[in-house]
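In listed order, ligands and their atoms are each counted from 1.
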Amino acid sequence: MKPATSLSSSSSPSPSSLTHFLIYAFVIYLTPTIISGGNETDHEALLKIKSLVTHDPYGALASWNNSFHFCDWEHVYCGKRHKRVTYIELESNGVEGSLSPYVGNLSFLRMLSLVNNSFQGAIPLELGRLSRLRFLFLYQNKFSVVIPANISGCFNLAQIGLSNNELVGSIPKEISFLSKLNFLSLFNNNLTGGIPPFLGNLTSLEMLSVKENPFGGSIPHIVGHLKSLKELYFGGCSLYGTIPDSLYNLSLLINISLGDNHLTGSLHPAIGGKLTVDFSKLRDIYYINLRDNLFGSNEPDEMKFIDSLKNCTGLLRLELGNCNFQGMIPWSIGNLSSQLKFLYLYGNQLHGDLPTSIGNLVGLEMLSLGGNQFAGNVPSTIGNLQKLKVVYLGENQLSGQIPDAMGNLSSLISLYLSSNMLEGVIPSSLGNCRNLLALYLNDNKLSGKIPTPHLQVSSLLVILNLSQNNLFGSLTAEVGSLDMLTILDLSDNNLSGVIPISLGDCGSLLGLSLKGNLFQGVIPQSLSSLKALVVLDISYNKLSGQIPKFLEHLKLEYLDLSYNEFEGANESALSVLGNSRLCGGIVELGLPKLYVWCKKLKRKSHISQTSTNKGFITVAYNQLLKATNGFSESNLIGKGSFSSVYKGTLYEDDGTFVAVKVLHLQIQGAQRSFMRECEAWRNIRHRNLLKIITSCSSADFQGNPFKALVYEFMPNGSLHDWLHSSESTSRLSLIQIMKIFMDIAYALDYIHGDLKPSNVLLDDDMVAHVGDFGLARFLAFISLYKNISTGIRGTIGYVAPEYGVGRQMTSGGDVYSFGILVLEGMTGKRPTDEIFKEGISLHKFASMALRDNIVTNIIDVNIINVYQEEAEVKEIKKEANMKTIIEECVASTVKTGVSCSMNSPTQRMDIKNVVLELQHILNTLQNI
Ligand SMILES: *[C@@H]1O[C@H](CO)[C@@H](O)[C@H](O)[C@H]1NC(C)=O
Ligand SMILES: *[C@@H]1O[C@H](CO)[C@@H](O)[C@H](O)[C@H]1NC(C)=O
Ligand SMILES: *[C@@H]1O[C@H](CO)[C@@H](O)[C@H](O)[C@H]1NC(C)=O
Ligand SMILES: *[C@@H]1O[C@H](CO)[C@@H](O)[C@H](O)[C@H]1NC(C)=O
Ligand SMILES: *[C@@H]1O[C@H](CO)[C@@H](O)[C@H](O)[C@H]1NC(C)=O
Ligand SMILES: *[C@@H]1O[C@H](CO)[C@@H](O)[C@H](O)[C@H]1NC(C)=O
């Protein structure tokens with residue numbers, strides 16, 4: 001098929017109803033006006049715009065030359081009749097330069113989108129002349145200076161997106177004249193001067209995001225006048241003062257996000273019993289984020305406002321963590337929405353018992369009540385919460401036994417009960433939690449034996465920390481079947497017996513601590529197969545025999561053997577060991593090389609704490625430099641906002657290709673994103689996820705920090721290339737694309753992020769591997785929920801509407817992106833396609849076709865053609881009924897895409913059903 005760009009800018013008609021649809025669409029939103037002479041102005045203006053582009057790595061503007069009429073230039077769209085420029089859509093092309101004032105001459109411009117490039121300098125004042133402009137999207141660039149006041153000249157503006165730039169100064173008053181504005185996104189700039197009251201005049205606003213700007217000041221009362229407002233993002237704006245009551249009157253709000261400010265105020269009932277905070281009018285709200293603020297009072301019943309959330313029946317996330325809330329959690333918490341997935345009260349000063357009514361919140365996936373002063377038992381009603389994936393109750397004063405019912409939580413991924421006063425045995429029922437990856441029971445008063453025989457069934461366990469308890473008995477041989485373990489910390493218990501030989505089977509171990517127990521016997525030779533081991537601490541035991549030579553060959557960064565009874569280590573040597581953790585004692589013990597490690601250790605002793613975050617074998621900068629021909633342009637295979645990807649060969653002789661993803665470290669957040677990605681990938685193995693081979697974290701030859709990840713290379717490129725290539729040879733058949741959808745659906749359970757066709761890569765066998773998301777669900781659940789701050793963002797067009805711009809990701813959102821991807825695959829149209837503007841989205845386009853029973857008209861013709869070609873080759877008889885079956889399959893697939901991409905998260909299809917449905921369709925197709 002033709003690329004979408006030529007579809008909309010050329011005029012070659014094709015006899016399908018799609019064309020009619022297109023024409024219809026043009027007629028609605030392009031008023032045909034003919035103005036003579038305007039052509040020349042547009043032509044000149046575009047060339048002037050091009051002339052200020054200093055770098056165009058992909059030749060996005062290559063067609064901007066006199067060989068074609070400018071209406072045929074890439075990224076430029078004209079009105080059909082008047083031939084004036086109406087849209088400029090130049091997204092994610094790595095373009096650098098400044099924006100020419102001549103843009104103000106494009107007087108018919110309705111949309112200007114330069115999203116995700118490197119435009120810098122000022123936004124030209126001349127933009128203010130564009131009175132027809134409706135959409136101004138300049139986000140993710142480097143525009144600096146102030147927002148021009150004469151933007152008010154664009155009085156037809158409906159949407160402004162200037163987020164992720166370097167804008168300074170305050171929001172100009174003139175912006176309040178834009179009475180048609182429904183979307184204003186300014187987040188992540190350097191804007192100051194407070195959140196201005198005049199924003200209250202923008203009564204059409206539905207989405208207002210100013211988060212992550214150092215505004216200061218307080219929330220103006222007048223914001224409560226924005227009656228159409230659905231989404232409000234004021235997070236990270238250095239705001240103080242209280243939440244104005246007027247905000248609770250915004251009855252259309254679905255998302256209110258005020259986290260990470262200095263907001264204060266007591267949320268307890270004011271005199272007269274009236275709640276100062278009353279959420280009961282916000283009936284559609286699904287996300288409330290007040291975390292990381294200074295709310296709170298000394299009132300015992302300040303959490304009573306939770307009562308008022310009863311009417312918010314769609315509430316999905318409630319985040320009140322890291323404030324100063326005191327008092328007890330009211331019983332009424334059990335009346336919160338059964339949709340509630342995410343309850344975050346971490347890091348307050350809440351006390352009292354955990355109400356058993358929590359067991360009513362059957363929708364919960366994440367429960368974080370850690371870092372408070374809760375006492376009493378862990379309510380066994382938690383066992384009712386079948387969807388729970390993460391339970392964080394650490395750092396409280398909980399006592400009693402861990403309820404057996406925890407074993408009912410079959411979806412549980414992480415269980416943190418650390419630093420409480422729990423006693424009794426570790427329930428063997430935990431072995432039923434087959435998805436458990438991390439189990440933290442450290443720092444309690446647990447006793448009895450480690451139920452390894454039961455735990456082994458959940459061989460997914462990656463982290464097991466039972467440190468600082470009163471566990472006794474021996475460590476049984478079954479530990480060897482926990483072969484996914486990367487961290488095993490059994491330190492400071494009363495464990496005895498020998499170190500089991502089978503421990504050597506835990507080949508993924510990075511950190512092993514048996515410190516402070518009563519282990520005896522020798523260090524088994526089998527530990528020499530723990531090649532990944534970075535930390536080994538077996539100090540303070542009763543181990544004896546020779547210190548084995550193999551320790552020399554492990555890449556340990558931390559080793560402690562002190563306070564044992566090893567041979568050859570005489571009284572005085574032992575005391576040396578005891579004092580200096582082997583340093584000094586090494587030479588006498590005949591392990592000179594370790595001496596070097598000791599020196600290193602001293603220098604970076606802090607690393608021993610975090611070394612467990614590292615882990616896999618890394619490569620050096622110069623190796624990657626060589627592998628990629630010096631990061632040459634010809635090896636460059638992709639470029640995103642955080643990274644560039646190069647093709648290369650790591651080992652000259654083996655000839656296998658790898659993909660080297662180099663992080664752009666000057667970009668804020670890149671470093672963190674890298675660490676997350678490493679962490680996330682390292683522990684996940686899945687057929688449909690892109691495998692990471694190694695990583696590099698060092699410095700380049702100039703001493704600048706350099707970070708890269710090396711992935712397996714996918715010879716068949718990305719799904720995006722297949723869907724939108726103009727080459728006739730690269731086409732996917734219906735069966736191929738269905739298989740790809742299945743592959744992605746399988747991976748969807750693990751990922752959490754930016755799903756789009758360019759992140760779906762195809763191997764030799766056309767098996768899809770999803771890659772390149774900054775944050776995997778694994779990580780989200782393992783460590784983040786202690787103190788969540790996910791700033792990942794999806795890609796326009798694929799991001800679920802509830803995220804708007806820059807919001808937190810949920811699995812429902814991934815299903816949405818998946819739905820869009822399915823529709824894109826079937827129709828060959830990107831969600832950002834020119835035709836999908838002003839109310840008609842890809843989703844709507846597809847659902848209208850379903851409704852009118854004309855699905856085959858919207859399908860990418862190649863899908864059906866290729867299928868028929870294949871059928872002919874296979875000499876399948878073209879019976880009439882085969883055609884019907886194919887059409888039905890196609891319709892069911894589109895229907896699945898539509899159900900996944902419903903606007904409301906609650907209406908979306910569950911991913912499990914998606915897999916079943918797709919499998920069914922695929923079977924049908926394969927059996928024709
Ligand atoms: C086009 O823009 C330039 C720069 O803003 C201006 O000098 C010139 O007068 C404009 N030309 C027309 C025809 O509007
Ligand atoms: C806001 O609207 C009020 C009343 O409609 C008007 O008096 C005021 O001048 C407006 N302010 C701004 C800054 O537009
Ligand atoms: C909350 O819901 C109850 C029961 O549905 C209703 O009676 C009450 O009026 C609602 N409150 C508000 C403020 O909407
Ligand atoms: C939930 O609300 C109902 C009335 O609407 C009340 O009878 C019940 O006790 C409440 N449950 C909890 C746990 O507060
Ligand atoms: C395990 O628990 C101990 C004791 O609470 C703690 O000091 C240690 O850091 C934990 N280890 C890991 C890897 O989390
Ligand atoms: C014990 O070790 C010390 C210091 O390494 C050494 O000087 C001494 O000779 C050793 N004693 C015996 C009995 O091996």
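By the 3.5 Å distance cut-off applied to N or O atoms, Y440 is not counted among the residues near ligand 5.
Looking at N469, its side chain does come within 3.5 Å of a backbone N or O of S467 through a donor-acceptor pair. Remark: the backbone N or O of S528 is paired with a side-chain donor or acceptor of K531 at under 3.5 angstrom.
Shown in contact with D489 at under 4.0 Å from a heavy atom are these atoms of ligand 5, numbered in order with element: 1 (C), 8 (C), 10 (C), 11 (N). The ligand atoms of ligand 5 that sit less than 4.0 angstrom from a heavy atom of N465 are 1 (C), 2 (O), 3 (C), 8 (C), 10 (C), 11 (N), 12 (C), 14 (O). In the vicinity of D443, heavy-atom distances shorter than 4.0 Å reach the ligand 5 atoms 5 (O). Counting the atoms of ligand 5 from 1 in the order shown, those under 4.0 Å from a heavy atom of Q468 are 4 (C), 5 (O).
Looking only at side-chain heavy atoms (C-beta outward), L422 and L441 stay at 4.5 Å or farther from each other. No side-chain heavy atom of V479 sits under 4.5 Å from any side-chain heavy atom of I450. Using a 4.5 Å heavy-atom cutoff, the side chains of N322 and Y346 are in contact. Side-chain atoms of M406 and L415, non-hydrogen and from C-beta on, do get closer than 4.5 Å to each other.
Heavy atoms from other residues, nucleotides or ligands lying under 6.0 Å from NZ of K449 number 12 at most.
Residues satisfying the side-chain hydrogen bond (donor to acceptor under 3.5 Å, both in side chains) test with N442, not counting sequence neighbours, are S418.
The immediate protein surroundings of ligand 1, defined as residues with any heavy atom under 4.0 Å of it, consist of T41, P101, Y102, N105, E126, R129.
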